[in-house]
Amino acid sequence: QEQLVESGGGSVQPGGSLKLSCVVSGNTFPDCGMAWYRQVPGEERKLVSTIQRDGTTRYIGSAQGRFTISQDNAKKTLYLQMNSLKTEDTTLYYCAADFRRLPSGCRRSWGQGTQVTVSS
């Protein structure tokens with residue numbers, strides 16, 4: 001449905017930084033929360049960080065302490081600031097947005113993915 005437009009990926013040396021952005025289009029707000037995932041080819045897609053509408057954040061594994069998830073509710077934009085990048089961070093990064101579905105539950109929408117490459 002192309003509700004999520006992702007950008008900000010690129011190539012950087014170890015120790016460098018990147019900031020990913022994800023713009024949610026349309027009038028519907030992702031009240032169920034948003035998240036960043038990453039997926040190495042041949043492996044399962046793994047959660048990196050989540051953020052709720054009220055700003056509550058969670059980080060998984062090696063992302064904690066190096067990555068910062070944030071959002072601009074007015075702009076309906078999700079961000080992932082990635083610092084101290086390591087070679088192991090190299091992969092495709094995906095934005096996810098969860099929209100409320102009636103009568104209950106949430107509907108997941110995905111971004112197209114953006115490539116992050118960390119190498120010397």
Side-chain angles (χ1 to χ4, degrees):
Q1 60 187 19
E2 298 184 352
Q3 290 188 248
L4 280 59
V5 180
E6 205 168 35
S7 63
S11 182
V12 66
Q13 294 183 343
S17 299
L18 286 172
K19 187 174 184 178
L20 308 183
S21 299
C22 175
V23 179
V24 180
S25 64
N27 295 323
T28 304
F29 192 89
D31 286 329
C32 295
M34 293 185 285
W36 288 100
Y37 287 73
R38 61 188 179 190
Q39 184 174 23
V40 176
E43 300 182 4
E44 64 183 4
R45 189 168 297 181
K46 299 179 180 178
L47 180 67
V48 176
S49 181
T50 64
I51 187 168
Q52 304 302 314
R53 193 183 191 281
D54 66 1
T56 303
T57 60
R58 295 290 185 273
Y59 299 91
I60 306 299
S62 62
Q64 189 166 4
R66 298 187 300 123
F67 295 179
T68 302
I69 190 171
S70 61
Q71 64 188 356
D72 185 326
N73 289 345
K75 297 181 179 179
K76 297 173 64 176
T77 302
L78 178 70
Y79 304 97
L80 183 66
Q81 177 67 52
M82 302 185 293
N83 298 324
S84 302
L85 284 164
K86 304 175 180 180
T87 301
E88 307 91 272
D89 297 318
T90 297
T91 189
L92 284 166
Y93 284 73
Y94 296 88
C95 174
D98 297 333
F99 300 87
R100 190 188 307 278
R101 182 174 61 187
L102 297 177
S104 64
C106 301
R107 173 175 55 83
R108 167 63 57 84
S109 293
W110 292 98
Q112 80 286 356
T114 184
Q115 177 69 42
V116 171
T117 302
V118 185
S119 63
S120 300

#### Entry: Closest contact, heavy atoms only, V24 versus P30
CG1-CD, 4.5 Å
### Pairs touching residues 85-120 that satisfy disulfide (SG to SG under 2.5 Å), sequence neighbours left out
C22-C95, C32-C106
### Message
Please enumerate all residues that pass side chain to side chain donor-acceptor pair (under 3.5 Å) together with R100, with sequence neighbours excluded.
### Response
none
## Note on the structure
Tested for side chain to side chain contact (heavy atoms under 4.5 Å, CB included) against W36, the lone hit among L47, I51, L78 is L78
### Query
Considering residues at least two apart in sequence or located in another chain, which fulfil the side chain to side chain donor-acceptor pair (under 3.5 Å) criterion with T117?
Q115
### Query
ring pair (Phe, Tyr, Trp, His ring centres under 6.0 Å): which pairs involve residues 12-31, sequence neighbours left out?
none
#### Entry: All side chain to side chain contact (heavy atoms under 4.5 Å, CB included) counterparts of Q112, not counting sequence neighbours
E6
### Task
Indicate the atoms forming the closest heavy-atom contact of D54 with T56, along with that distance.
OD1-OG1, 2.8 Å
### Message
Please enumerate all residues that pass side chain to side chain contact (heavy atoms under 4.5 Å, CB included) together with S17, with sequence neighbours excluded.
### Response
Q81, N83
### Summary
Smallest heavy-atom separation, Q52 atom then Q71 atom, equals O-NE2, 2.7 Å
### Task
Any side-chain hydrogen bond (donor to acceptor under 3.5 Å, both in side chains) involving residues 58-68? Give me the pairs, sequence neighbours left out, ordered by first then second residue.
R38-S62, R66-D89
### Message
Can you confirm whether L18 sits close enough to F67 that some side-chain heavy atom of one is under 4.5 Å from a side-chain heavy atom of the other?
### Response
no
### Query
At what distance, to the nearest 0.5 angstrom, does OG1 of T50 lie from CD1 of I69?
6.5 Å
#### Entry: Partner residues of N27 under the side chain to side chain donor-acceptor pair (under 3.5 Å) criterion, sequence neighbours left out
none
#### Entry: Closest contact, heavy atoms only, S109 versus L4
O-CD2, 3.6 Å
### Query
Taking only residues two or more places apart in sequence or in another chain, which ones pass side chain to side chain contact (heavy atoms under 4.5 Å, CB included) with E43?
V40, K46
### Message
I'd like to know whether V48 forms a side-chain contact (heavy atoms from CB on, under 4.5 Å) with I60, so could you lay out the CA-CA distance, the side-chain angles of the two residues, the decisive distance to 0.1 Å, and finally the verdict.
### Response
CA-CA 5 Å; V48 176; I60 306 299; 6.0 Å; no
### Message
Using the ring pair (Phe, Tyr, Trp, His ring centres under 6.0 Å) criterion, which residues pair with Y37? Sequence neighbours excluded.
### Response
W110
### Query
Who pairs with R101 by salt bridge (Lys or Arg N to Asp or Glu O under 4.0 Å), at least two apart in sequence or on another chain?
none
#### Entry: side chain to side chain donor-acceptor pair (under 3.5 Å) against S119, all qualifying residues, sequence neighbours excluded
none
